[in-house]
2 protein chains.
Amino acid sequence: MSSTRLSDRQRRIVEFIGDFLDEHGYPPTVRDIGRAVGISSTSVVDYNLKRLEREGYLKRVRDVSRGIELVGDGDRRSRGAFTEVPVIGRIAAGEPIEAVEERDRDRLLLSPSLAEEGCFALRVKGKSMIEDLIDDGDVVVVRPQSTADNGDIVVALLTEASDEPGRATLKRLYRERDRVRLQPANSALNPIFVDPASLRVQGKVVAVIRQM
Amino acid sequence: MSSTRLSDRQRRIVEFIGDFLDEHGYPPTVRDIGRAVGISSTSVVDYNLKRLEREGYLKRVRDVSRGIELVGDGDRRSRGAFTEVPVIGRIAAGEPIEAVEERDRDRLLLSPSLAEEGCFALRVKGKSMIEDLIDDGDVVVVRPQSTADNGDIVVALLTEASDEPGRATLKRLYRERDRVRLQPANSALNPIFVDPASLRVQGKVVAVIRQM
DNA sequence: CCTCCCTCAGAACGGCTGTTCTAACCACAG
DNA sequence: CTGTGGTTAGAACAGCCGTTCTGAGGGAGG
């Protein structure tokens with residue numbers, strides 16, 4: 001298998017297939033490709049398509065007209081792959097999350113590199129994390145997980161056992177001996193110390209988005 | 001023209017075409033549709049396709065195999081519209097933008113509410129805007145425009161006429177009598193004063209994105 | 001009942017389309 | 001020179017595919 005780079009002709013074929021798909025919504029025929037790339041013989045197109053398939057640039061379905069599908073980088077359908085992240089409410093230090101009705105939720109579309117599937121977002125209320133550069137009104141993208149590393153910014157739920165019942169909070173989490181410190185990033189505010197048993201980590205902040 | 005709603009059969013046809021497209025990447029043939037919907041005659045499929053085209057549910061290309069394209073709501077390609085924003089380089093206070101080769105650019109997908117078409121993004125280098133909560137490594141989304149209001153955070157280009165030739169900078173912009181003040185958000189840094197003639201506003205920061 | 005219109009079935013036609021076969025050309029190594 | 005492997009061209013084949021024609025049910029209105 002010659003794993004050399006594609007010939008000029010082959011690159012033009014892949015590019016043309018993508019253009020054709022964008023324009024028409026269906027793949028080109030072997031003869032369409034030949035005409036576009038300047039190949040008079042269908043067998044030569046077929047030859048190059050077979051080669052491109054072996055190299056992993058596309059997939060073909062035998063005996064099916066227009067049975068060509070681009071894969072990987074060439075696939076312009078997946079060039080628009082994105083993650084949909086619902087903004088499910090507002091969070092403020094030490095108060096319950098203000099949930100938003102599902103039908104009123106904003107939905108953010110984000111690159112998969114920014115937020116993986118399953119994430120949610122919360123709008124931040126207040127300046128309790130201002131020294132971590134999270135402002136009032138910012139949106140934090142949260143990846144759901146029940147554990148967190150020391151120093152992670154997490155959405156934590158204080159259960160009834162604690163002295164702050166049923167409240168959600170956005171804080172940095174630090175484990176200390178037999179307790180957990182929830183540290184705001186605002187020197188005007190004091191940390192909260194809780195029993196690990198009365199704390200439930202809801203998720204970790206993976207991104208911050210601010211609109212101006 | 002009977003603008004009544006679609007028959008059960010016709011709804012199933014539209015739905016099948018969408019499913020087929022999602023699965024295969026190319027549209028079905030008339031016979032594929034017939035098989036899926038339980039129609040033995042190609043003429044009946046053709047008849048219903050013509051009807052669906054007249055009602056605006058799809059477009060067809062005559063005499064072209066698989067020449068079917070869903071339009072409007074049925075078009076799953078356009079589901080979840082987003083804006084593609086290229087990260088075209090890095091910007092630091094008072095240094096030229098470090099451009100990135102086009103093929104190496106990251107591309108962010110963002111909700112249209114976050115960034116309209118035509119925006120670009122820059123990765124921030126340094127802490128010159130730290131007091132505006134823009135950190136080293138953050139990404140700023142910039143809407144191209146040549147004017148700016150007082151206090152806007154802008155990407156500004158200092159042209160050769162000025163004492164800081166050919167440099168781009170990220171600053172807050174304030175117009176003062178016969179000069180412009182470019183104000184960093186870092187008390188350790190001093191503002192730059194420039195002649196309005198030697199300043200070109202490239203765009204305004206509309207969003208800040210931070211990954212953690 | 002008859003007629004008209006919409007919907008449907010089956011068959012056939014002609015062109016489109018993927019595939020294959022043969023042959024040629026070229027660069028390169030033996 | 002000769003042979004070999006990679007690439008291209010042209011032609012032909014068989015099957016796929018959109019289209020069209022004929023005809024038939026079936027309900028609405030006369």
Side-chain angles (χ1 to χ4, degrees), chain A residues 1-21 23-71, chain B residues 1-21 23-71:
Chain A
M1 181 175 300
S2 63
S3 66
T4 54
R5 267 200 312 287
L6 278 55
S7 74
D8 189 63
R9 215 171 218 187
Q10 286 160 3
R11 242 180 304 107
R12 281 168 64 199
I13 289 180
V14 172
E15 190 179 346
F16 170 72
I17 294 173
D19 291 346
F20 193 99
L21 272 169
E23 187 176 354
H24 297 94
Y26 49 81
T29 67
V30 169
R31 287 172 177 82
D32 287 334
I33 298 172
R35 218 171 301 127
V37 189
I39 300 176
S40 66
S41 172
T42 59
S43 67
V44 179
V45 176
D46 185 65
Y47 167 79
N48 283 288
L49 287 178
K50 280 197 173 79
R51 238 179 150 309
L52 286 168
E53 184 176 22
R54 225 183 323 138
E55 302 280 341
Y57 288 89
L58 46 85
K59 275 196 293 188
R60 293 181 78 194
V61 186
R62 271 187 61 97
D63 291 318
V64 166
S65 71
R66 305 174 193 272
I68 302 177
E69 190 180 354
L70 291 182
V71 288
Chain B
M1 183 172 302
S2 62
S3 66
T4 53
R5 268 200 311 286
L6 278 56
S7 75
D8 187 61
R9 214 172 219 188
Q10 286 159 2
R11 243 179 302 109
R12 282 168 62 199
I13 288 179
V14 172
E15 189 179 347
F16 170 72
I17 295 174
D19 291 345
F20 193 99
L21 271 169
E23 187 176 354
H24 296 93
Y26 48 81
T29 67
V30 169
R31 286 172 177 82
D32 287 334
I33 298 173
R35 218 171 300 127
V37 190
I39 299 177
S40 65
S41 173
T42 59
S43 68
V44 179
V45 176
D46 186 66
Y47 167 79
N48 281 288
L49 286 178
K50 280 197 173 79
R51 238 177 151 308
L52 286 169
E53 184 175 22
R54 227 184 322 140
E55 303 279 341
Y57 288 90
L58 46 85
K59 274 197 292 187
R60 294 181 78 195
V61 186
R62 270 188 62 96
D63 291 318
V64 166
S65 71
R66 305 174 191 272
I68 301 177
E69 191 179 354
L70 291 181
V71 289

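In what follows, chains are A, B, ... by sequence order, proteins preceding strands, each numbered from 1.
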Worksheet entry | Heavy-atom protein contacts under 4.0 Å, nucleotides 10-25 of chain C, coded B base, S sugar-phosphate only, - none | BB-----BBBBB----
May I have the distance from [X] (atom [atom1]) to [N] (atom [atom2]), rounded to whole angstrom?
X       : N      : atom1 : atom2 : value
A:Arg12 : D:dT7  : CZ    : C1'   : 15 Å
A:Arg51 : D:dG6  : CZ    : P     : 8 Å
A:Tyr26 : D:dG18 : OH    : P     : 11 Å

Heavy-atom side-chain proximity of [X] to [Y] below 4.5 angstrom:
X       : Y       : result
A:Leu21 : A:Tyr26 : no
B:Arg60 : B:Glu69 : no
A:Phe16 : A:Pro28 : yes

Fill in: C:dC8 OP1/OP2 closer than 4.0 Å to side-chain N/O of B:Arg9
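Answer is yes, contact under 4.0 Å.
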Worksheet item: Can any side-chain N or O of A:Arg66 pair as donor or acceptor with the backbone N or O of B:Ser65 at less than 3.5 Å?
Response: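 Yes, the answer is positive, given that a donor and an acceptor are paired below the 3.5 Å cut-off.
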Worksheet entry | Test applied, side-chain contact (heavy atoms from CB on, under 4.5 Å); reference residue, B:Ile33; option that passes from B:Asp46, B:Leu49, B:Ile39 |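 When B:Asp46, B:Leu49, B:Ile39 are each tested with B:Ile33, the side-chain contact (heavy atoms from CB on, under 4.5 Å) holds only for B:Leu49.
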Worksheet item: By salt bridge (Lys or Arg N to Asp or Glu O under 4.0 Å), which residues pair with B:Arg11, not counting sequence neighbours?
Response: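 Once residues adjacent in sequence are excluded, the partners of B:Arg11 under the salt bridge (Lys or Arg N to Asp or Glu O under 4.0 Å) criterion are B:Asp8.
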